[in-house]
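Since we're looking at a predicted model, the values are computed, not measured.
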Amino acid sequence: MNSATALPGESAARSTDSRADTDSQIPPVTPYTLLQSIDDPAQLRTLDRRQLGQLAEELRAYVLDSVSKTGGHLSSNLGTVELTIALHYIFDTPDDRIVWDVGHQTYPHKILTGRRDRMPSLRQLDGLSGFPKRDESPYDAFGTAHSSTSISAALGMAVGAKLQGASRRAIAVIGDGAMTAGMAFEAMNNAGAMDVDLLVVLNDNEMSISPPVGALTNHFARLLSGSMYDTAKRASEHMLRRMPAVRELARRAEEHVKGMVTPSTLFEEFGFNYIGPIDGHDLDALLPTLANIRKLKGPQFLHVITRKGQGYKLAEEDPVLYHGPGKFDPLQGITPSKSAKPTYSQIFGDWLCETAAVDPKLVAITPAMREGSGMVRYAAQFPDRYFDVGIAEQHAVTFAAGLACEGLKPVVAIYSTFLQRGYDQLIHDVAIQNLPVVFALDRGGIVGADGATHNGVYDIAFLRCIPNMTVMAPADENECRQMLSLGLTLAGPSAVRYPRGAGPGAALQPIGTTLALGKADLRRQGKRVAILAFGGMLAPALQAADALDATVVNMRFVKPLDEALLQQIAVSHELIVTVEEHAVMGGAGSAVAESLAQTHASARLLLLGLPDRFIDHGDPVRLLAALGLDAAGIEASIRTALK
């Protein structure tokens with residue numbers, strides 16, 4: 001099977017050039033003859049090698065068909081079909097451990113490991129997770145969803161096997177994007193100094209550090225992974241230890257020869273035996289190379305080249321658009337959304353462009369989330385003031401601190417859960433020095449299909465405890481813009497926390513309009529009960545208040561709180577209710593409780609938010625309703641408290 005994997009109904013022998021000429025982009029209906037016979041990798045390993053090409057075609061078609069009906073990650077999964085088959089065919093999984101970095105390329109893995117029939121429930125409430133989960137399958141050796149953790153985890157497993165005298169292998173499959181994170185290199189630095197059987201597979205799908213793939217490099221990879229080369233290398237090293245000068249000359253000569261056709265030097269400096277690059281869609285290259293590597297001892301590094309969207313022309317041409325689509329018709333492809341309301345990410349991106357046009361000191365930073373954070377237009381209009389630092393959240397935060405030291409106005413666009421990875425830098429490098437860095441905190445609250453790993457439900461707690469921080473939670477799009485503008489005027493760090501998706505559709509005021517720092521907004525005057533709503537909880541709070549004749553306050557600020565208004569509410573109401581799309585423990589409600597405790601207010605307090613457990617994937621509306629955070633749930637909780 002060559003690098004241009006054909007779709008069902010096309011010739012598997014079709015070349016890369018001929019594939020480019022075809023207008024076909026959709027696999028025809030297939031009976032999935034081979035795929036339906038495989039419920040675990042043990043059955044896969046009974047297939048004849050010559051059947052694996054057909055299996056790859058069926059598996060790719062099945063992934064496309066499934067994702068088009070449920071939504072989910074597509075481009076990355078189409079790109080790992082052959083690699084997944086080869087790994088499970090050569091290695092004895094689940095005894096041999098495979099750790100998939102990020103995990104958004106594991107749909108083929110899930111399908112081959114007994115979860116094919118559950119794919120219609122993918123990323124839905126009580127359904128199949130979009131990422132590996134240890135409690136979902138014994139084949140999911142490690143739970144992942146954030147990047148760059150695979151090498152560390154697989155190294156721990158390799159050391160664990162060695163300490164227990166087990167012969168199993170540990171494999172980390174990591175993308176070239178995830179290799180930009182410091183954690184990946186920390187793990188490699190540690191692993192290279194250990195005598196453990198660890199394989200790191202670099203799934204390079206951007207051609208960012210690789211020469212063209214062809215017959216020479218595939219042949220060279222097979223030679224480097226073969227036992228004859230390994231035995232000769234070890235024997236020569238033993239002999240040359242007695243002749244240091246000659247040994248150093250031989251080492252340099254080997255690196256020079258390998259460096260002419262491979263980017264090996266960097267990885268071998270970490271102590272790995274580098275092999276590759278090879279075509280990740282060519283089973284004739286993958287299978288013998290992996291079979292050879294399985295016999296080798298010590299840290300091994302295999303570099304494979306894959307293509308995002310492989311086999312589906314539309315995804316090949318635009319892998320970003322097809323990275324994580326919703327439901328779509330494979331024949332028509334993804335059609336542009338005609339939503340009447342922009343998302344908060346788009347609101348942020350527009351604010352960024354408008355503000356940068358009038359303020360030359362504004363600079364924007366993202367840790368590899370340009371599209372997700374709404375920064376595509378800004379990157380095109382202000383390339384000199386746009387910085388994508390890769391998957392390096394720690395660096396992003398400290399880099400922003402350095403920019404702030406020079407009088408610039410850095411805005412870090414980052415998801416709530418990703419800021420968790422830069423927490424020490426937030427405290428040590430930004431807050432202690434009281435530097436004016438604005439954090440545009442996207443995906444605050446329940447995010448839906450991505451589940452527990454991506455729910456932004458801890459940021460209020462970990463931000464509000466930091467001295468010098470200002471923490472804001474807009475109830476609508478206009479407040480989001482106003483708070484971002486306010487953050488640029490502050491002398492210290494600030495965070496504007498906004499949710500995924502669209503807001504209520506508020507009218508937008510001109511750029512530069514700000515709010516008064518720490519001032520809440522009394523939205524409805526009622527009796528007995530006062531509902532203090534934070535962020536997106538304002539809308540359901542107002543609905544509940546209509547049924548209860550309750551007071552509603554749009555709090556806007558978590559830190560500083562509007563202490564004056566809070567005291568007025570406390571003396572004039574029987575029950576104060578805080579509502580937030582965030583963990584109750586340490587959240588905005590806790591801040592209100594701490595404030596009222598200092599003044600010995602007599603009003604009773606009810607804190608509504610997320611319970612002390614991780615919230616799984618599912619439709620956000622259904623999840624919030626199940627958690628009692630829709631209008632009906634808020635009303636019911638208040639009526640119970642009043643009894």
Under 3.5 Å, sequence neighbours excluded: what are the donor-acceptor pairs made by side chains of residues 388-395?
from : atom 1 : to   : atom 2 : distance (Å)
D388 : OD1    : A368 : N      : 2.9
D388 : OD1    : G390 : N      : 3.0

Is D549 salt-bridged to R528, cutoff N-O under 4.0 Å?
no
For Q124, is there any backbone N or O sitting under 3.5 Å from a side-chain donor or acceptor partner on S121?
no
Testing H109, H454, H146 for ring pair (Phe, Tyr, Trp, His ring centres under 6.0 Å) with F131, which one passes?
H454
Do T417 side-chain atoms and N455 backbone N/O form a donor-acceptor pair below 3.5 Å?
no
Residue R134 excluded, over 12 heavy atoms near CZ under 6.0 Å:
no
Salt-bridge present (E477, K341; N to O < 4.0 Å)
no
For the backbone of A154 and the side chain of R97, can you confirm whether one donor and one acceptor N or O come within less than 3.5 Å of each other?
no
Scanning both residues in full, the closest heavy-atom pair of L538 with A475 reads CD2-CB, 3.6 Å
Between S595 and E563, is there a side-chain donor-acceptor contact under 3.5 Å, judged purely by atom types and distance?
yes
The side chain to side chain donor-acceptor pair (under 3.5 Å) partner of D450 among H73, H104, R123 is R123
Show the nearest heavy-atom pair for residues R115 and S137, with the distance to one decimal.
CZ-CB, 3.4 Å
For residues Y386 and F382, establish whether the separation of their ring centroids is below 6.0 Å.
no
Check R556, K519, R497 against E479 for a salt bridge (Lys or Arg N to Asp or Glu O under 4.0 Å) and give me the one that passes.
R556
Side chain Q433, main chain D429, donor-acceptor under 3.5 Å
yes
Answer with yes or no whether the side chains of S373 and D442 bring together a donor and an acceptor at under 3.5 Å.
no
Does CG in D135 sit with more than 12 non-hydrogen atoms of other residues, nucleotides or ligands closer than 6.0 Å?
yes
Look at atom CZ of R622 and say whether more than 12 heavy atoms of other residues, nucleotides or ligands are closer to it than 6.0 Å.
no
Per-pair distances, 0.1 Å, donor-acceptor, side chain in residues 503-515, under 3.5 Å, sequence neighbours excluded:
from : atom 1 : to   : atom 2 : distance (Å)
Q509 : OE1    : N478 : ND2    : 2.9
Q509 : OE1    : Q482 : NE2    : 2.6
T513 : OG1    : P510 : O      : 2.8

